[in-house]
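One structure below.
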Amino acid sequence: MEGFRGPDLTRAILARTTGGSCEALRAQACAYVDGELEPLQADLVAAHLTHCPACTALVAALRAAEVRLPALRAADPGPWFTQRVLRACRPAPAPSLWSRLLQRPRFALEAAYVGAALGYLLLSLPLPGRPEGLGAEPVKGLVAATKPGIGALAGGLHAMAGTFKTREPKRSNATEPGRGAPRPSH
Amino acid sequence: MDPAELLRLVRQGDPLAWEAFVREHQGRVFGLAYHYTTHAEDARDLTQEVFVRIYQNLGRMPEVEGLVGWLVRLTRNACIDFLRRRKARPPAWDLPVEEVFGLASGEADPETAHLETVRRRGLHQALRELTDLNREMILLKEIQGLALEEIARLLDVPLGTVKSRSNRARLELADKLTAMGWGG
């Protein structure tokens, strides 16, 4: 064993027996810093630390983190932040009758209906010098122009209905050869 | 003011009590949201969202003993929802961390002040380098000071798992700090 000094000798012996003890310390480092170890175990850890700079550094870093981390608990969101939160929490004012009416989904349809009715009434009102109203003649003209068309359409529909009616008995009579007539049995 | 009394008034809808409550807890909620999002404006929006939710559910507020855990749970849930939405849209810019946490040291001696600021910045850097799981453990236990049982309930994992995860996280952080020269 010539040439070995204290720490080297310990390391050499550990290397040939239990192996390095730093891993064992690492497993207990947090409990040691928190003061949760049994006194004997704490003494053993302390004894290891006096000879091991790496483990000493680890324990020192654990202690430093423990002291400094709680300072990061709160942060300043800025001077106007509270007002911003309070504004956001304020209940919104109740909508007025008009805004509630305007927000109804059928409002556009109803407005169009009322507008059309008002327009028709305005055109039909008697005006000075024109007792029949401004729009009476155009409206009458429109009706007259569309009347023959509507009449023709109605006539066509009537004729079609008549055709269907007249074809109906044909089917029931079954006079068409090969369709309705019974085949002679041989 | 007695916290229980303040909570009682808040529940009754007293506007001044609500303001006092917001002022008392906004720093914690904002700090937590910032740790999750790492973006000051997002953290502000989330903090506001959390307080509006609390305001809309005043009847569900727990008693004083459970208040911090409840606040942390609400904030964490809001942050996780937000991070899921933000996945494809990382923030483009942000305030430096010194401004958010007031990390600039107030020491009179410029050399000491500089050293202190560097250390605080280093601590933040080390925190950001941790894995998500370990960072959350540090955040909940070491920074927010929640009890292990509370964290186990919050994360829905067994107490033993929380304990071992917490130790692992502390050791990872200590390793990073040691590498930065903190262990000397």
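In what follows, chains are A, B, ... by sequence order, proteins preceding strands, each numbered from 1.
When the candidates B/R170, B/Q144, B/K176 are compared by the number of heavy-atom contacts under 4.5 Å with chain A, B/R170 comes out ahead.
Under the 4.5 Å side-chain heavy-atom criterion for Ile, Leu, Val, Met, Phe, Trp and Tyr, B/V50 and B/W70 are members of the same hydrophobic cluster. Hydrophobic clustering, with ILVMFWY side chains joined whenever heavy atoms are under 4.5 angstrom apart, groups B/L159 together with B/L140. Note: the hydrophobic cluster containing B/L6 also contains B/L58 (ILVMFWY, side chain heavy atoms under 4.5 Å, direct or indirect links). Following chains of ILVMFWY side-chain contacts shorter than 4.5 Å, one cannot reach B/V118 starting from B/W182, and the two form parts of different hydrophobic clusters. Note: the hydrophobic cluster containing B/L9 also contains B/F21 (ILVMFWY, side chain heavy atoms under 4.5 Å, direct or indirect links).
Side-chain contact check for B/D175 versus A/R26: some heavy-atom pair is nearer than 4.5 Å. At a threshold of 4.5 Å between non-hydrogen side-chain atoms, the residues B/V52 and A/V85 do not count as touching. Residues A/L72 and B/L139 fail the side-chain proximity criterion, which asks for heavy atoms closer than 4.5 Å.
For chain A, no part of B/I54 is nearby; none of its heavy atoms comes within less than 4.5 Å. Heavy atoms closer than 4.5 Å to chain A are found in both the backbone and the side chain of B/F51. With a 4.5 Å cut-off on non-hydrogen atoms, A/A88 touches chain B through its backbone and its side chain both. For chain B, the nearby part of A/V33 is the side chain; its heavy atoms alone come within less than 4.5 Å.
With hydrogens and angles disregarded, no donor-acceptor distance shorter than 3.5 Å links the side chain of A/R73 to the backbone of B/G31.
Minimum interatomic distance between B/A174 and A/A61 (heavy atoms only, all atoms of both residues): O-CB, 3.6 Å. B/W18 and A/L86 make their closest contact through CD1-CD2, 3.5 Å (heavy atoms, listed as atom of the first residue, atom of the second, distance). Scanning both residues, B/I143 and A/L69, for their nearest heavy atoms gives CG1-O, 3.8 Å. Closest approach of B/Y55 to A/C89, counting heavy atoms only: CE2-O, 2.9 Å.
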Hey, mind stepping through B/V22 and A/Q83 against side chain to side chain contact (heavy atoms under 4.5 Å, CB included) and telling me if it holds?
-> CA-CA 10 Å; B/V22 172; A/Q83 295 309 317; over 6 Å; no
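When the shell of 6.0 Å around CD of B/Q12 is examined, it contains more than 12 heavy atoms from other residues, nucleotides or ligands.
In this structure, CZ on A/R68 lies 15.0 Å from CD on B/E142, to the nearest 0.5 angstrom. With rounding to the nearest 0.5 angstrom, the CD atom of B/Q26 is 3.5 Å from the OG1 atom of A/T82. The CG atom of A/L62 sits 5.5 Å away from the CG atom of B/L171 when rounded to the nearest 0.5 Å.
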